[in-house]
Amino acid sequence: MKNIVDNICAVRAQITQAAQCAGRAPQSIQLLAVSKTRQADELRQAFAAGQQAFGENYLQEGLDKIAALADLAIEWHFIGPIQSNKTRPIAEHFHWVHSVDRTKVARRLSEQRPANLAPLNICLQVNISAEASKSGCLPADAMALAREVAQLPRLRLRGLMAIPAATDDPKQQQQAFGDLRKLLQRLQAELPQLDTLSMGMSADLEAAIGEGASIVRIGTAIFGPRNYSSNPQESPS
Ligand SMILES: *Cc1c(COP(=O)(O)O)cnc(C)c1O
């Protein structure tokens with residue numbers, strides 16, 4: 001199996017190529033390494049290869065790695081479901097949250113964001129394929145939620161995040177990512193400060209970049225397949 005450093009090089013090349021095909025500047029796309037279920041030393045290897053932004057889905061696991069890697073200047077992104085009674089450590093330890101889907105969570109994050117830190121960067125998670133099982137607000141509710149979040153003093157609303165229904169069909173991938181892009185454009189008419197589309201994972205980053213992704217969230221293509229049995233919180237659905 002290839003190592004983490006080689007994989008990061010390959011993913012960077014893939015991003016550059018997809019950007020060029022779409023007529024976009026490769027530097028306009030940020031690579032977020034999704035490190036759920038990975039050990040701290042695997043993140044260290046990725047960091048040594050120049051990877052600075054890491055995404056975690058599970059709060060306690062993420063906090064453990066933040067503590068273990070406190071000597072590195074890592075930008076930490078929280079990308080998993082949020083329980084409203086567990087917002088404080090997220091507000092205190094992360095730089096970005098991609099998975100805000102309701103006002104209650106946003107209010108608490110704003111109240112709990114320490115005064116000495118920069119405002120917490122926020123993406124609203126949208127259930128773009130309107131799947132019953134998925135988290136995220138419905139597209140029709142995104143505007144109202146964005147208006148409320150934009151008012152909160154300790155948050156900086158940046159844009160939208162989505163995890164479309166899994167499909168191998170590039171046309172369907174493109175459709176879902178295009179829907180998210182158009183939704184962001186509607187929000188930008190009122191909130192021009194929004195600058196972020198967090199979309200695209202290992203299997204669909206080309207389609208996401210073609211539709212305007214500014215952050216791609218890549219796990220498997222960097223770290224290899226996840227070992228689900230070692231993490232009972234996650235099951236391959
Ligand atoms: C796990 C995960 C990813 C990364 O998925 P890969 O297919 O491993 O690249 C991206 N975003 C979210 C929200 C995830 O939970």
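Counting starts at 1 for both ligands and their atoms, following the listed order. Note: hydrogens, waters and symmetry copies are ignored here, and every other heavy atom, side chains too, is used.
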S.K.: Compare every heavy atom of M161 with every heavy atom of H98, then report the nearest pair and how far apart it is.
M.R.: O-CB, 3.4 Å
S.K.: Just jot down the ligand 1 atoms closer than 4.0 angstrom to any heavy atom of N57, in number order.
M.R.: 14 (C), 15 (O)
S.K.: Determine whether the side chain, the backbone, both or neither of T220 has a heavy atom under 4.0 Å from any heavy atom of ligand 1.
M.R.: both
S.K.: Minimum heavy-atom separation for T16 and P26, please, with both atom names.
M.R.: CG2-CG, 3.9 Å
S.K.: Any non-hydrogen side-chain atom of L59 less than 4.5 Å from a side-chain atom of F94?
M.R.: yes
S.K.: Under 4.0 Å from a heavy atom of V34: give me the atoms of ligand 1 that qualify, with their elements.
M.R.: 1 (C), 2 (C), 3 (C), 4 (C), 10 (C)
S.K.: Hydrophobic clusters here meaning ILVMFWY residues chained together by side-chain heavy-atom distances under 4.5 Å, can you tell me if W96 and L180 are in one?
M.R.: no
S.K.: Which ligand 1 atoms does I218 reach within 4.0 Å, using its non-hydrogen atoms?
M.R.: 9 (O)
S.K.: Is it true that atom CG of D71 has more than 12 heavy atoms of other residues, nucleotides or ligands lying nearer than 6.0 Å?
M.R.: yes
S.K.: Which one holds for I79 and ligand 1: side chain close, backbone close, both close, or neither close, with close meaning a heavy atom under 4.0 Å?
M.R.: both
S.K.: Is the closest side-chain heavy-atom distance between I218 and I15 below 4.5 Å?
M.R.: no
S.K.: Heavy-atom distance to atom 2 (C) of ligand 1: which of R217, K36, M201 wins?
M.R.: K36
S.K.: Strictly under 4.0 Å, does any heavy atom of H98 approach an atom of ligand 1?
M.R.: no
S.K.: Looking at ligand 1, does any of its N/O atoms fall within less than 3.5 Å of an N/O of I163?
M.R.: no
